[in-house]
Amino acid sequence: MDMKSVERKWQAKWEKTKLNVFNKKNMDNKLYVLEMFSYPSGANLHVGHWYNYGPTDSYARFKKMQGFEVFQPMGFDAFGLPAENYAIKTGIHPKDSTEKNIATMEQQLKHMGAMFDWTAEIKTCEENYYKWTQWLFLQLYKKGLAYRKEALVNWCPSCETVLANEQVINGECERCGSVVLRKDMTQWFFKITDYAEELLDGLDRLEWPEKTKLMQKNWIGKSTGCEINFECETGDTITVFTTRPDTVFGVNYVVLAPEHPLVEKFKESHPENAAAIDAYVQYAAEANDIDRLSTAREKTGVFTGSYATHPLTGKKLPIYLADYVLYSYGTGAVMAVAAHDERDYAFAKKYGLPVTQVIQKAGGETVLPFCEDGILVNSGSFDGLSGDEARNAIAVHLTKIGKGGKKVNYRLRDWSVSRQRYWGAPIPMIHCPKCGVVPVPEKELPVKLPYDVEFRSTGKSPLASNESFMKCTCPECGGKASRDPDTLDTFVCSTWYYLRYLDPKNDKQAFSKELANKMAPVDVYVGGPEHACMHLLYARFITKALRDMHYLDFDEPFKRLVHQGIILGPDGNRMSKSKGNVVSPDKYVDEYGSDIFRLYLMFGFSYTEGGPWNDDGIKSISKFTDRIERLVQASLKYTAPANANTEKKSAEKELDFAKNHAIKNITRDMEYFSFNTSLARMMEYVNALQKYDADVAEKNVAFYKGCIDDLIRMLAPFAPHFSEELWEMTGHKNSVFEERYPLVDEKALVRDETEYAVQINSKIKAKLMIPEGLSDEDIQATVCAYPEIAEQLQGKTVKKCIIVKGRLVNLIVG
RNA sequence: GCCGAAGUGGUGGAAUUGGCAGACGCGUCGGACUCAAAAUCCGAUGGUAGCGAUACCGUGUGGGUUCAAGUCCCACCUUCGGCACCA
């Protein structure tokens with residue numbers, strides 16, 4: 001079969017008959033299947049895209065044939081850093097390169113033959129989309145969920161620009177090699193932490209992979225502990241968070257993150273230490289959080305010269321700065337208990353600080369640092385308590401004396417959404433010298449992204465250089481004001497795109513509430529596991545926020561989630577241009593056609609695992625479709641005599657069994673996205689058809705042709721163009737996708753006997769056929785009576801007989 | 001470093017969740033068809049020993065639980081994903 005022309009033929013037909021367009025009339029029966037949209041970075045569709053979209057489309061088609069009205073849209077996450085970097089390198093404007101890439105990818109996606117509903121297509125870089133991303137920002141601002149604060153960014157002092165983490169290589173700027181510093185900058189944040197508890201709590205009710213839920217849980221990082229206040233000489237209070245208030249009597253010193261605001265105060269009160277402090281702050285600014293949190297990193301720090309007072313003992317405690325404390329976690333300060341914390345212990349040993357043991361191992365020798373629960377000693381009236389009891393008692397006492405109390409802390413931080421970049425949605429805020437920060441009125445949206453901008457680094461955001469963009473009037477006082485020069489993190493665009501797909505042309509609102517409530521949440525969302533913590537968490541947060549603002553009646557965006565695995569390069573490494581191991585799907589699609597390429601992706605890998613690319617099996621898939629074509633062709637010639645016998649003889653029963661076995665297993669496996677096993681069952685069925693075709697001279701033609709029709713129906717989701725062609729070839733006038741997926745006939749699967757494995761003392765001795773429907777006693781009797789087994793049982797007594805119905809019998813003999 | 005996964009024949013991968021390890025393919029070997037090749041079809045194929053029935057070994061490594069472990073528990077090794085400005 002000429003796959004290419006067949007593909008074009010059916011793609012054109014589907015478009016004409018609107019086969020892939022969601023029919024709103026059947027909304028009650030909807031199934032929203034969504035693949036993560038793609039970022040148009042390269043000019044071409046990648047194997048990874050194919051691997052995500054091809055098999056998932058087969059799932060969607062399968063569900064369609066089960067009678068669901070499937071909505072499967074596609075679009076482009078079009079803003080982002082790579083297009084801007086490309087522009088800096090080549091001078092090609094991000095808008096131009098992005099639009100060109102999208103045009104190419106659209107063509108490739110259409111040639112893939114997936115049943116995407118292109119009438120719902122969205123591109124996040126278009127005004128009619130980002131207008132509503134800006135609207136979303138304003139709603140969050142109104143709700144108090146968007147605010148400004150200082151935050152650290154990677155700063156290249158020689159390029160005078162903010163760098164993405166990706167652009168920092170071993171602490172140096174990827175462009176110029178300068179040492180990258182961490183610098184404070186005022187940025188917009190979304191208060192995702194307000195939803196920490198709900199985001200955690202909601203995980204239980206999601207049909208998501210357990211590992212993903214666990215990762216999100218750890219990312220949110222709830223810990224229950226205690227806040228404790230330490231008074232300083234300067235009159236300030238250092239508040240620390242600890243999960244181990246039971247060790248509070250063992251505090252030897254207090255440590256602040258180098259970025260802590262109190263550092264300035266300490267420099268003033270101890271000017272003799274200022275130089276050392278500055279040097280250390282500089283040193284810390286050169287490291288990233290991952291390195292700083294590494295337990296393998298050499299502990300470093302500097303004494304501030306100042307002291308704090310222990311809230312319970314009144315002891316004077318030296319105050320240090322150390323980079324193993326992060327300003328972004330907890331309060332940015334910790335109480336150091338050298339005897340009972342690994343890092344504090346290492347630090348204390350290095351700087352010659354005292355180590356005070358206050359916990360004793362219950363019933364054993366205590367080796368320091370001892371970090372487990374134990375019995376309190378040297379802890380005043382709390383001696384003898386342990387674990388939760390001690391933590392509770394101390395927390396209650398601290399509350400009573402006003403020096404702290406119980407506190408729940410989350411590792412989750414608020415989401416920084418400002419980017420000092422050009423290619424993104426402008427932040428719809430205005431800075432007025434009189435009125436301060438003022439939101440752009442909704443009726444003035446979108447704040448359009450100007451085309452003419454110098455996006456090379458100038459020390460400021462690229463938009464800041466465009467005067468006509470920056471200049472505006474304050475909506476409140478009418479005076480001269482300027483726009484926010486930053487753009488939004490692209491993750492903001494992708495938090496709500498699943499809603500826009502439902503209502504992509506709406507120019508009155510971001511989406512219709514009524515439609516959203518009917519069509520969403522997404523029933524099945526498919527994408528890479530690399531999004532486990534960020535995109536997937538942000539989308540959940542925004543959905544909950546929209547619910548609280550009464551734009552939605554549901555609170556989770558993605559009911560079910562499936563991760564496809566990652567296809568690596570043939571060398572086992574992640575595909576990348578620099579490694580030269582990128583595999584292009586195009587040459588395979590050209591050579592074999594998109595159906596065969598899709599079939600191979602489904603058959604050759606475990607969908608959720610992925611793995612290194614190899615094309616060993618792709619030819620065999622092409623043989624498989626050839627074999628099917630030959631079978632179908634041959635069946636066309638068979639005609640039944642007028643007085644044909646329609647009784648099913650053993651050969652027909654055998655084939656019927658094979659067919660129903662395949663239907664049953666495929667129907668189950670498709671639900672789990674187990675495409676490789678589904679196709680294995682399909683191959684077994686084809687083998688059975690071939691055997692019947694070859695072995696049975698007097699065919700039951702009507703029955704056999706029915707089996708061929710079912711084969712085409714069964715194959716349709718996996719090889720859509722090929723199956724349509726076969727369906728037409730066998731004389732059908734409709735689309736095979738208007739057919740129902742064959743249902744299993746359980747009667748055909750009933751057999752009189754089942755094969756059992758027979759073990760003696762857990763070793764397999766024989767395999768026997770045992771009639772169905774016997775009691776355990778009868779099964780044991782049957783097995784023991786079997787000559788081969790009886791022989792081996794001679795002179796022994798059966799002490800125990802374990803029977804697993806339909807599988808195995810294990811005789812324990814002595 | 002921390003969080004989360006994965007490791008099964010020569011190879012891609014199965015294994016109904018504790019019940020016959022290796023389904024279905026690829027590859028290899030043997031055979032049929034052919035002047036020959038391709039294509040197609042049939043058969044064999046985890047390892048070791050044996051003519052053979054068969055026996056022993058075998059799911060990253062080492063221990064453990066169990067009548068029974070690829071699957072559960074403990075320790076370790078290797079690889080992969082994420083770590084908050086790649087998306």
Side-chain angles (χ1 to χ4, degrees), chain A residues 36-39 41 77 79-82 85 151 153-154 162-168 187 192 209-212 214-219 221 288-297 328 411-421 489-491 494 528-535 537-538 563 565-566 568 572-574 600 603-606 608-612 614-621 623-624 626-627 630 665 668-669 674 676-684 687 690 694 755-759 761-764 766-767 799-804 806-812:
Chain A
M36 288 179 184
F37 59 175
S38 38
Y39 177 73
S41 66
D77 189 13
F79 278 136
L81 182 66
N85 284 341
V153 294
N154 300 313
V162 176
L163 298 177
N165 287 339
E166 189 187 53
Q167 298 174 292
V168 182
Q187 320 241 28
I192 190 173
E210 287 305 319
K211 60 164 190 169
T212 311
L214 189 56
M215 273 191 269
Q216 281 209 358
K217 187 181 164 199
N218 291 336
W219 185 268
N288 63 34
D289 288 2
I290 294 175
D291 290 339
R292 282 174 57 171
L293 280 177
S294 166
T295 49
R297 182 177 164 94
S328 56
R411 207 183 69 99
L412 182 70
R413 314 206 286 255
D414 276 340
W415 174 15
S416 151
V417 295
S418 295
R419 296 292 180 267
Q420 293 70 45
R421 302 191 197 291
D489 179 6
T490 54
F491 274 127
S494 56
E530 66 272 21
H531 292 291
C533 292
M534 302 179 72
H535 162 61
L537 195 65
Y538 295 150
H563 292 308
I566 296 169
L568 305 168
N573 291 307
R574 217 190 161 115
Y600 177 62
F603 185 64
F605 302 85
S606 168
T608 54
E609 298 296 320
N614 78 83
D615 56 12
D616 285 351
I618 195 159
K619 269 208 181 83
S620 71
I621 293 291
K623 284 184 195 168
F624 171 62
D626 285 350
R627 214 155 68 223
R630 280 198 300 276
N665 284 285
R668 189 198 59 207
D669 290 356
S674 182
N676 52 353
T677 55
S678 295
L679 282 168
R681 301 293 86 81
M682 190 77 74
M683 288 172 180
E684 284 168 351
N687 290 342
Q690 212 165 7
E755 189 186 68
Y756 277 70
V758 180
Q759 302 178 326
N761 288 340
S762 307
K763 292 222 164 190
I764 301 218
K767 292 181 183 182
K799 286 189 194 155
K800 200 172 163 191
C801 175
I802 295 150
I803 295 172
V804 183
R807 306 204 139 261
L808 124 170
V809 178
N810 188 4
L811 300 164
I812 309 302

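All values reported here derive from a predicted model rather than from experimental measurement. In what follows, chains are A, B, ... by sequence order, proteins preceding strands, each numbered from 1.
Taking atom CG of A/L808 as the reference point, atom C1' of B/U66 lies 14 Å away to the nearest angstrom. Distance A/I764 CD1 to B/C56 C1': 15 Å, rounded to the nearest Å. When rounded to the nearest whole Å, the span between CG of A/L568 and C1' of B/C80 equals 7 Å. One can place CZ of A/F605 at 12 Å from C1' of B/U11, the figure rounded to the nearest angstrom. Look at CE on A/M215: it is 11 Å from P on B/A6, rounded to the nearest Å. The nearest whole Å value for the distance from the CG atom in A/N665 to the P atom in B/A15 is 10 Å. As rounded to whole Å, 18 Å separates atom P of B/C3 from atom CD of A/E210. Atom CG in A/L412 sits about 9 Å away from atom C1' in B/A84, given to the nearest Å.
With A/R421 as the fixed residue, the side-chain contact (heavy atoms from CB on, under 4.5 Å) test singles out one of A/D489, A/L81, A/T490: A/L81.
The C1' atoms of B/G10 and B/U61 are separated by 23 Å, rounded to the nearest whole Å. Remark: the separation of the C1' atoms in B/A87 and B/C20 is 47 Å, to the nearest Å. With both ends at atom C1', the span from B/G62 to B/G1 equals 26 Å, rounded to whole Å.
Across all strands, A/Q187 comes closer than 4.0 Å to base atoms (heavy-atom distances). Among the heavy atoms of the strands, none lies under 4.0 Å from A/V758. Within 4.0 Å (heavy atoms only), A/V153 reaches at least one base atom of the nucleic acid. Among the heavy atoms of the strands lying under 4.0 Å from A/G610 are primed sugar atoms or P, OP1, OP2 only; no base atom is included. As judged by a 4.0 angstrom heavy-atom cut-off over every strand, A/K799 is placed among residues making no nucleic acid contact. Using a 4.0 Å heavy-atom distance criterion, A/E609 is classed as a sugar-phosphate-only contact. Nucleic acid contact class of A/W219 (heavy atoms, under 4.0 Å, all strands): base. Among the heavy atoms of the strands, none lies under 4.0 Å from A/R292. At a threshold of 4.0 angstrom between heavy atoms, the contacts of A/H535 with the nucleic acid are absent. Looking at heavy-atom distances under 4.0 Å, A/E755 makes contact with a base. Within 4.0 Å (heavy atoms only), A/L81 reaches sugar-phosphate atoms of the nucleic acid but no base atom. As judged by a 4.0 angstrom heavy-atom cut-off over every strand, A/S418 is placed among the base-contacting residues. Heavy atoms of A/F491 sit under 4.0 angstrom from at least one base atom.
When distances run from any side-chain atom of A/N810 to the nucleotides B/A87, B/A84, B/G19, the shortest one goes to B/G19. Comparing B/G81, B/A87, B/U40 by their nearest atom to the side chain of A/R630 picks out B/U40. Of the listed nucleotides (B/C86, B/A84, B/C3), B/C86 has the atom at the smallest distance from the side chain of A/P82. Picking from B/A84, B/C85, B/C67 the nucleotide with the shortest atom distance to the side chain of A/I812 gives B/C67. Comparing B/C85, B/C83, B/A87 by their closest approach to the side chain of A/I290 singles out B/C83. The A/V804 side chain lies nearest to B/G19 when the options are B/C86, B/G19, B/G1. Looking at the side chain of A/E166, the nearest of the listed nucleotides B/A84, B/A5, B/C86 is B/C86. The nucleotide whose nearest atom lies closest to any side-chain atom of A/N218 is, among B/G19, B/A84, B/G4, B/G4.
Using Watson-Crick or G-U wobble geometry with both donor-acceptor distances under 3.5 Å, B/C67 finds its partner in B/G19. B/U61 is paired with B/A75 under the Watson-Crick or G-U wobble criterion, all donor-acceptor distances under 3.5 Å. The partner of B/C51 cannot be assigned: no Watson-Crick or G-U wobble pair with both contacts below 3.5 Å exists in any strand. In this structure, B/G4 and B/C80 make a Watson-Crick or G-U wobble pair, each of the two defining distances being under 3.5 angstrom. Partner assigned to B/G43 is B/C29, using Watson-Crick or G-U wobble distances below 3.5 angstrom. Using Watson-Crick or G-U wobble geometry with both donor-acceptor distances under 3.5 Å, B/A38 finds no partner in any strand shown. Base pairing of B/A87: no nucleotide in any strand meets the Watson-Crick or G-U wobble criterion (both distances under 3.5 Å).
In this structure, the side chain of A/Q216 engages the main chain of A/A532 through a donor-acceptor pair within 3.5 Å.
Between A/S606 and B/A14, a side-chain N or O to OP1/OP2 separation shorter than 4.0 Å is present. A sub-4.0 Å separation between OP1 or OP2 of B/C85 and a side-chain N or O of A/R419 is present.
Syn is the glycosidic conformation of B/G9, whose angle stays within 90° of 0. Look at B/U40: its glycosidic torsion is beyond 90° from 0, and that puts it in the anti range.
Between A/A164 and A/Y600, the residue anchored nearer the 5' end of RNA chain B, judged by the nucleotide with its closest heavy atom, is A/Y600.
Residues A/D77 and A/S494 bring no donor and acceptor atom of their side chains to less than 3.5 Å of each other.
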Got a list of protein N/O to nucleotides 22-25 of chain B N/O distances below 3.5 Å?
unit_1 : atom_1 : unit_2 : atom_2 : d
B/A23  : O2'    : A/R681 : NH2    : 3.3
B/A23  : O2'    : A/E684 : OE2    : 3.1
B/A23  : N3     : A/R681 : NH2    : 3.3
B/G25  : OP1    : A/N687 : ND2    : 2.7
B/G25  : O2'    : A/S620 : OG     : 3.2

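No hydrogens or angles were tested; on distance alone, nothing pairs the side chain of A/Q167 with the base of B/C85 as donor and acceptor under 3.5 Å.
For A/Y756, there are no ring pair (Phe, Tyr, Trp, His ring centres under 6.0 Å) partners at least two apart in sequence or on another chain.
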